[in-house]
Number of protein chains: 4
Amino acid sequence: MRASNRVARTARARVAPVAGRKRSEASRRAILDATHELLERDGFDGLSIEGVAARAGVGKTTIYRWWPTKGVLAVEAFLDAATPSIAFRRTRSAKADMRQQMRALAALYRGPTGRFVREMIGSSQSDPEMRKAFVEGFLTPRRKAAHESFRRALAAGEFRPGLDPDTAIDALYAPIYYRLLVSGAPIDEAFLDRHIDLVLRGLTA
Amino acid sequence: MRASNRVARTARARVAPVAGRKRSEASRRAILDATHELLERDGFDGLSIEGVAARAGVGKTTIYRWWPTKGVLAVEAFLDAATPSIAFRRTRSAKADMRQQMRALAALYRGPTGRFVREMIGSSQSDPEMRKAFVEGFLTPRRKAAHESFRRALAAGEFRPGLDPDTAIDALYAPIYYRLLVSGAPIDEAFLDRHIDLVLRGLTA
Amino acid sequence: MRASNRVARTARARVAPVAGRKRSEASRRAILDATHELLERDGFDGLSIEGVAARAGVGKTTIYRWWPTKGVLAVEAFLDAATPSIAFRRTRSAKADMRQQMRALAALYRGPTGRFVREMIGSSQSDPEMRKAFVEGFLTPRRKAAHESFRRALAAGEFRPGLDPDTAIDALYAPIYYRLLVSGAPIDEAFLDRHIDLVLRGLTA
Amino acid sequence: MRASNRVARTARARVAPVAGRKRSEASRRAILDATHELLERDGFDGLSIEGVAARAGVGKTTIYRWWPTKGVLAVEAFLDAATPSIAFRRTRSAKADMRQQMRALAALYRGPTGRFVREMIGSSQSDPEMRKAFVEGFLTPRRKAAHESFRRALAAGEFRPGLDPDTAIDALYAPIYYRLLVSGAPIDEAFLDRHIDLVLRGLTA
DNA sequence: GACTAAGCGAGACGGTACGTCTTGTCTTCAC
DNA sequence: GTGAAGACAAGACGTACCGTCTCGCTTAGTC
């Protein structure tokens, strides 16, 4: 119902942007800001459309008009506010670059962002649109950077030829998420070093 | 509030098992069964204490008396119904055992159990008690088996000496969860083979 | 608020019929027609400006510009569509004329118009403008005709001299409205005959 | 839906008042009082279930559980608070009694009760349950008293024999309601005297 | 066998949030 | 400068559940 509405809207918007009042940028901002603040204060579970509307001084309809789900709204507010630009330095060694990238990510997840990411991925499990939004908005860009480093390292002969990038990147990054989401074990430097060494050298003697 | 209630109960139960009617096994069964069915039908998000009580023909109080959270109830119902005993065969090679264990887990997660696990871990992110229950009830036993195999392999010299078991097991299993929860990429045999080979041999030339 | 708007408009319309696009007759028609149809379909309570605008293919503003209240709009649409011209025949006896007028009114109220009138008067109780519009547009003309007949009868000596016209007309017509609005008792010919006879002869022996 | 619920409830309540917490008299009181106050302050149109719940310190559900409609609630609150017991004195003349009854009613309707009655009857036009509640709770008892007086007068020979009581009572009382609801003309003593005289003597010379 | 605890079903209760609907206003563009 | 389109703040709607609170049973021990 709402979904189809949205499709209709989108379609219309694309085809006939003719008449009618324009979307209010002020409202958009107020909503995203309010969402971010509430997210920070109460967590995703404590977030409610009602609460956002009240704090933003906005009608609920306005939120429902532009966001399909509180999940998607949360993701957008998170991306909007955070967009923590992990600048990837390029050094001489691509392998060293990757290590640095992973360290940066781990550090990020140890901070408040970690909680957001945990909650986003968690709640995504029952909201496909939210999952899509989060993966595309947050994970994919980061993964692309990793891909890039990986390919450079491969080209430079720093890695064993014939490696499948996706498998490799999964192997490197997955444990960070596993600890974040599942085991709760710390994602500290010591662990990271052990883990990267292991993946680089392999388990086998 | 609820938490303190529980503490009180537990304490009382331990200290003074005096008089009064005993807990009804029939109700417990009905509740777990109803929960499982609803979980199957509507997913964790669609689950409600109200619904469980109605379907089980039970007062809500009875549920609140024995379970602190719908999350914990769901975990218990899942464990009760499923407890999918992955029998770990011991063959000549512990390394082969591990591979077989991982294959079994992947197969399990490709089926309906995968959805449960996804939802359980997802919802756990905002319910620490649920997370504890799920980790202890489901993941820890499995991890222990993996530990055991790993230690056997290590002792048999099938793995490089000096490896940290936790790091190794994380490296092996984490990507399965990463795909289940985050990327949504398939957890098929081909991937598993590539992944295990990679971890066994390492990334480095 | 709305009221002051209207005053402003009215004033402007009277003072300065100067420039700009003229009121669209097409819109006016579409609005009145749509209102009448919706009134017929959903009753006054189910009527909404929103709905009228949608069905008439008209902006809500256009409605608010020209009508102060959904009540007034409904009354106007009703008058516009219905204006059930009760043609009052003049026969030899003015007394007979009145009886015939009352019969016609009763017949009208037994049909679909009855429902409109019921709803209009009902809703008028909380909308003075609507009440005014309905009384002036619908009731007053009819009452004038009754007055006219009454005066003729009085002059012709058909009624007892010295009678107050308003009191007399109230006594004759009120029970029709009482049954329509309050008791729900039928307004059939038998009742009408009994009633008119009673009022003509009086209660007293 | 709600209606059928109510039927179910009622039926159950009648058949099996066995288990479950009992209806809270405190809530019932608070709701009726709040309703009455709001009715007095804002009129029926300004009344909202939401507002009643807030002022009564009560959940909306509790209201919906026991009253089908805000209309019925309003009627009940009105009856509960007002129940203006028009004590009908019995004097030597039943005719005089009726006159006194009508005077009392007119006086009542000139006061604040008049507004309630106007609004109740008005809103009843689009809420059959409310209409039923108001007629049965308020009008019928009063009409019964009128009937009684009328029958006494008839028996005493104060009225012309053969009169139909309903027609007569309608003729006497209807104009009061007509002025209240329709014409807005005053319901003062002078009018009442003229009217009663007219009906007693008849229109005819 | 009476007394005294719970446990239990039912379900009323005060709340919170839901997603929808309508209100009356405001803004934008087209005629 | 009217009019269609439609965004907007506001707020009520009726529903679903939450977690708590009676109620009046029904089971156990305990005296």
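Convention: sequence-line order gives letters A, B, ...; per-chain numbering from 1.
Checking side-chain atoms of B:K70 against main-chain N and O of B:F44 turns up a donor-acceptor pair under 3.5 Å. Under the 3.5 Å distance criterion, the side-chain polar atoms of A:T62 are left unmatched by any main-chain donor or acceptor of A:V58. Between the side chain of A:R115 and the backbone N or O of A:E40, at least one donor-acceptor pair lies under 3.5 Å.
Near DNA chain F, defined here as any heavy-atom distance below 4.0 Å, there are no residues from residues 26-33 of chain D. Across residues 40-63 of chain A, A:S48, A:I49, A:E50, A:K60, A:T61 each have a non-hydrogen atom less than 4.0 Å from an atom of DNA chain E (numbered order).
The distance from atom CD of B:E25 to atom C1' of F:dA28 is 17 Å, rounded to the nearest whole Å. Nucleotide E:dG7 holds its C1' atom 11 Å from the CZ atom of B:R23, rounded to whole Å. Taking atom CG on B:L73 and atom P on F:dC18, their separation rounds to 11 Å, with Å as the unit. Taking atom CZ on C:R65 and atom P on F:dA5, their separation rounds to 13 Å, with Å as the unit. Look at OH on D:Y64: it is 15 Å from C1' on E:dG15, rounded to the nearest Å. Look at NZ on A:K70: it is 9 Å from P on E:dG19, rounded to the nearest Å. The separation between D:R21 atom CZ and F:dT22 atom C1' is 5 Å, rounded to whole Å.
Between F:dT2 and C:W66, no contact under 4.0 Å exists linking OP1 or OP2 to a side-chain N or O. Phosphate contact (OP1/OP2 of F:dG24, side-chain N/O of D:K22, threshold under 4.0 Å): present.
Considering all non-hydrogen atoms of both residues, D:R131 and C:R118 come closest at NH1-NH1, 3.2 Å. Of all non-hydrogen atoms in A:T69 and A:E129, the two that sit nearest each other are OG1-OE2, 4.5 Å.
The side-chain contact (heavy atoms from CB on, under 4.5 Å) check on B:D33 picks up B:R29, B:E37, with sequence neighbours excluded.
Within the 4.5 Å cutoff, no side-chain heavy atoms of A:E119 are placed close to those of A:D45.
For C:R28 and C:W66, the positive end is not near the middle of the six-membered ring at less than 6.0 Å and at most 45° from its axis.
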- Working for side-chain contact (heavy atoms from CB on, under 4.5 Å), residues B:W67 and B:I31: CA-CA 11 Å; B:W67 288 275; B:I31 290 167; 3.7 Å; yes
